[in-house]
Amino acid sequence: MITRFVLIRRKTKEWYETVFIPRISPLTLVALLFTIIVMFSLKGNYIISVPLDVVRVAIPLVIYFLIMFFVSFYMAFRMKIDYQRSTSLSFTAASNNFELAIAVAIGVFGIGSLVSFATVIGPLIEVPVMIALVNVALKLKSKYYSKNSNSFCSDK
């Protein structure tokens with residue numbers, strides 16, 4: 001937030017969005033991966049020794065991802081929104097801001113807490129579920145959207 005306000009004042013908003021953000025984006029991914037690695041190094045033995053806790057965190061997450069994806073896709077379909085916007089809406093609704101959740105959990109409860117452990121499990125579950133949902137979205141496209149365009153297929 002600070003970099004946004006400072007750099008937009010010193011440069012321009014266009015420069016910030018076209019030059020600065022693309023340059024810093026890879027760094028943010030590295031920082032997130034570093035945080036997850038550190039948390040797993042602290043909780044690695046716990047994860048291996050108590051896999052049931054991982055399952056107890058994973059099951060509600062998978063249910064959440066699926067419900068949010070299918071409900072938002074259905075709503076977009078009913079509103080006759082084109083395929084690209086429907087899938088974009090569905091993936092946005094289903095995915096979470098785990099990066100923010102991890103940061104808040106670490107800041108409030110500490111890096112070794114069980115709350116932080118639960119937030120680390122989220123991205124590990126989210127990625128494979130979202131990849132599976134890509135295949136679902138492609139099947140929904142072939143079933144409910146016309147083959148010649150990406151628009152709603154009115155004859156179905």
Side-chain angles (χ1 to χ4, degrees), residues 1-44 46-47 54 57-142 144-146 149-152:
M1 196 167 109
I2 293 171
T3 58
R4 179 177 173 80
F5 288 121
V6 170
L7 292 176
I8 287 176
R9 283 187 183 160
R10 291 186 182 217
K11 301 281 186 172
T12 64
K13 185 176 180 179
E14 181 182 343
W15 178 88
Y16 179 81
E17 292 174 354
T18 59
V19 177
F20 181 73
I21 293 295
R23 283 187 187 166
I24 198 166
S25 291
L27 180 62
T28 59
L29 179 60
V30 169
L32 173 64
L33 291 174
F34 175 75
T35 303
I36 291 172
I37 289 168
V38 168
M39 291 179 73
F40 267 111
S41 68
L42 294 175
K43 287 291 185 184
Y46 181 78
I47 292 169
V54 174
V57 171
I59 289 172
L61 286 172
V62 170
I63 293 169
Y64 169 82
F65 296 141
L66 295 175
I67 289 172
M68 290 303 293
F69 179 84
F70 285 110
V71 167
S72 57
F73 199 96
Y74 177 75
M75 289 172 35
F77 176 77
R78 294 290 296 189
M79 295 173 64
K80 299 186 182 205
I81 297 174
D82 63 75
Y83 175 76
Q84 282 90 352
R85 288 186 180 95
S86 296
T87 53
S88 176
L89 170 75
S90 300
F91 281 109
T92 301
S95 65
N96 282 308
N97 292 322
F98 278 111
E99 300 84 1
L100 180 60
I102 291 170
V104 170
I106 291 169
V108 173
F109 300 106
I111 198 162
S113 72
L114 292 178
V115 176
S116 299
F117 162 75
T119 60
V120 169
I121 299 303
L124 298 175
I125 301 303
E126 181 182 18
V127 171
V129 171
M130 291 299 142
I131 291 170
L133 287 174
V134 168
N135 294 323
V136 170
L138 292 172
K139 288 186 190 302
L140 291 172
K141 178 182 181 182
S142 66
Y144 295 109
Y145 290 85
S146 67
S149 74
N150 291 313
S151 63
F152 173 75

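Being a predicted model, the structure only gives us computed values, none of them experimental. Any value given below was found using the heavy atoms of this structure, including those in side chains, with hydrogens, waters and symmetry copies removed.
- The side chain to side chain contact (heavy atoms under 4.5 Å, CB included) test applied to Ile131 returns Val127, not counting sequence neighbours.
- Residues Ser90 and Ser72 come closest through the heavy atom pair CA-OG, 3.1 Å.
- Rounding to the nearest 0.5 angstrom, the gap separating the CZ atom in Phe65 from the OG atom in Ser95 is 8.0 Å.
- For the atom pair Leu138 CG and Lys141 NZ, the distance stands at 7.5 Å (nearest 0.5 Å).
- Judged as a side chain to side chain contact (heavy atoms under 4.5 Å, CB included), and not counting sequence neighbours, the contacts of Phe70 are Leu66, Leu133, Val136, Leu140.
- Listed by chain and residue number, Phe69, Tyr83, Thr87, Phe91 satisfy the side chain to side chain contact (heavy atoms under 4.5 Å, CB included) test with Ala137 (two or more places apart in sequence, or in another chain).
- Side chain of Ser88 to main chain of Gln84: no donor-acceptor pair is present (N/O by atom type, distance under 3.5 Å, no hydrogens or angles).
- When side chains are defined from C-beta on, Leu89 does not count as touching Phe73, because their heavy atoms never get closer than 4.5 Å.
- In terms of heavy-atom proximity, Ala94 sits nearest to Met130 at CB-CE, 3.6 Å.
- Under the side-chain hydrogen bond (donor to acceptor under 3.5 Å, both in side chains) criterion, Arg4 pairs with no residue, sequence neighbours left out.
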Extract all donor-acceptor atom pairs below 3.5 Å that involve side chains of residues 11-22 and protein atoms in other chains or at least two apart in sequence.
from	atom 1	to	atom 2	distance (Å)
Thr12	OG1	Trp15	N	3.0
Thr18	OG1	Glu14	O	2.6

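- Scored by the side-chain hydrogen bond (donor to acceptor under 3.5 Å, both in side chains) test, Ser86 finds Tyr145 as partners (sequence neighbours excluded).
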